J.: 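The structure follows.
Every chain is numbered from 1 and lettered A, B, ... according to where its sequence line falls, protein lines coming before strand lines. Just so it is clear, the model here is predicted, and its values are computed rather than measured.
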Amino acid sequence: MKKILKDCKKGGLIGCRNRDRAKFMGFSMLILLIVSALCYLTGDLAGMFAGGSINVAMALGTVIADCSARNARTGRDNCPKKEDGTAGLIITKLSATYSTDPDTFKDEIQAHIISNGVDKMWPIMNIINNEGSGGDSKTSDVGFSGPKPVGINPRGVKYRIDAGDCLYKELMELDKLQVRVFRVDQEGYIYGTAIIRKSGGSDAEMFRGFDATIKITRIEGNGNDPYALYIDVYYSANYEKELKTLHGFELDELPEGIVGVKLAKGSDSGKALVVSACSGTDYTSIFGEQWAATMFLNDGGQQPTSVTYDAETNELTFTPTANYRVRNALALDEGGIFGLDGVDEFTSI
Amino acid sequence: MKIKIGLKSIDISDSLIKGSKSKEAFVKENAEVIAKANGLDVGLLSGKLGEVYDLLAPPAETKEAPEQKKKEK
């Protein structure tokens with residue numbers, strides 16, 4: 001056999017005799033079969049066709065589909081909470097996250113409402129009706145079998161707010177924005193979604209609203225139907241996933257939004273009223289003696305020397321006379337006035 | 001700092017008090033203006049402003065301390 005190989009290698013198969021050629025071919029086939037069997041046993045098909053190299057390409061990459069971790073505990077609690085009709089919404093910026101701890105969340109909610117930072121909240125209460133669409137099972141007929149569920153149809157809810165054109169004008173600042181939305185139901189429970197975020201090198205559970213885009217609409221009254229103000233919330237494609245990590249708890253009280261206020265001239269020089277910037281509603285007497293010099297600035301950025309609240313006339317008196325404005329919600333809150341926010345408008349007092 | 005006189009609640013800017021040179025200067029500069037704007041008696045308001053100054057202004061020793069140190073040197 002060695003000789004045959006030697007001879008045939010020298011001149012190739014052309015120079016071999018027929019008998020030797022047959023023997024050489026048989027031997028070659030035997031070698032090929034042994035190599036194929038080895039490649040098959042190692043699972044390396046590429047190696048089989050490439051003639052030898054092992055562990056190439058086919059073992060790279062994984063598509064993880066592990067259903068073994070799923071465990072549905074389908075028992076019913078004694079008092080299962082069921083989300084009720086929405087009584088209010090709290091709008092936040094897309095990146096805003098909050099504590100999942102109910103006490104911490106409730107302690108900080110007022111600060112978030114008056115804040116101008118990334119965690120700012122815009123509460124919208126007095127929702128009197130919800131008209132939802134979508135959110136139901138979405139199926140597909142494509143393929144050889146019958147319909148199969150492929151997710152849910154996009155969820156959108158039209159919330160009707162019991163308010164007027166002043167709120168409409170304020171809400172238009174949020175019109176068509178992608179935001180996050182917490183729902184507050186009629187039982188006073190707040191609903192959002194929980195996520196895991198890195199915090200100080202470790203994982204922390206955070207609470208945030210549902211990803212959504214909002215649209216503000218108003219329909220003026222006519223002979224049959226009254227005025228209507230709507231906030232349309234279009235939940236994102238993430239909605240079903242966000243519902244899987246639903247998080248909610250009871251609020252002690254429903255948060256209220258803040259009202260933009262400015263100064264209006266009073267009955268005489270140096271006298272003024274604090275009124276809402278939109279409707280002119282007078283807030284001076286509501287907060288009375290709580291008004292302080294630190295809550296106002298003149299057009300040079302200076303506080304007045306003194307501000308006097310007169311309980312008889314319900315007016316404020318400023319010294320010296322100048323152009324003044326009401327400071328922002330943070331400054332008012334420091335003085336014990338919550339719910340108002342000065343607009344950037346000076347009034348000659 | 002608030003002063004209550006009758007139905008009027010007067011809030012005096014704290015920074016104004018802390019920034020004034022002396023009690024007398026503070027009272028003299030502000031009592032007449034504030035009293036006139038609010039229809040109050042200047043004498044009554046001057047007394048109240050003096051009380052407020054005593055509560056809020058830094059102690060006299062602190063203000064005099066740098067001068068005393070200079071004299072000692």
J.: Does a side-chain heavy-atom distance below 4.5 Å link B:N38 with A:D310?
T.: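 Heavy-atom side-chain distance check fails, nothing below 4.5 Å.
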J.: Heavy-atom cut-off 4.5 Å, strictly under: side chain, backbone, both or neither for A:E289 against chain B?
T.: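 For A:E289, heavy atoms of backbone and side chain both lie under 4.5 Å from chain B.
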J.: How many angstroms lie between atom OH of A:Y309 and atom CD1 of B:I10, to the nearest 0.5 angstrom?
T.: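 Interatomic distance, A:Y309 OH to B:I10 CD1, rounded to 0.5 Å: 14.0 Å.
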J.: As an exercise, state the distance from OG1 of A:T313 to NZ of B:K8, rounded to the nearest 0.5 Å.
T.: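 Rounded to the nearest 0.5 Å, the OG1-NZ separation comes out at 6.5 Å.
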J.: Using non-hydrogen atoms only, which part of A:Q290 is less than 4.5 Å away from chain B: side chain, backbone, both, or neither?
T.: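 Contact with chain B is through the backbone of A:Q290 alone.
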J.: Side chain, backbone, both or neither: which part of A:T308 has a heavy atom under 4.5 Å from chain B?
T.: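 It is both, since atoms from each part get that close.
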J.: Of the backbone (N, CA, C, O) and the side chain (C-beta and beyond), which part of B:K4 lies under 4.5 Å from a heavy atom of chain A, both, or neither?
T.: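 Answer is side chain: those atoms of B:K4 sit under 4.5 Å from chain A.
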J.: Just give me the residue among A:T319, A:D268, A:T294, A:T321 that pairs up with chain B most often, heavy atom to heavy atom, under 4.5 Å.
T.: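 Looking at each option in turn, the highest pair count goes to A:T319.
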J.: Any side-chain heavy atom of B:I12 within less than 4.5 Å of one from A:S306?
T.: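 Yes. Closest side-chain heavy atoms under 4.5 Å.
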J.: Against chain A, work out which of B:D14, B:I5, B:L16 has the most heavy-atom pairs shorter than 4.5 Å and name it.
T.: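 It is B:L16.
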J.: Counting heavy atoms not belonging to A:E187, are there more than 12 under 6.0 Å from its CD?
T.: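 For A:E187, atom CD is crowded (more than 12 foreign heavy atoms under 6.0 Å).
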J.: Quick check: do A:T305 and B:V33 have side-chain heavy atoms less than 4.5 Å from each other?
T.: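 Not touching, per the 4.5 Å side-chain cut-off.
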J.: If only atom types and distance count, is the side chain of B:D11 paired as donor or acceptor with the main-chain N or O of A:V307 below 3.5 Å?
T.: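 Between the backbone of A:V307 and the side chain of B:D11 there is no qualifying donor-acceptor contact (under 3.5 Å).
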J.: Can you tell me which portion of A:P320 sits under 4.5 Å from chain B's heavy atoms? Options are side chain, backbone, both or neither.
T.: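 For A:P320, neither part sits under 4.5 Å from chain B.
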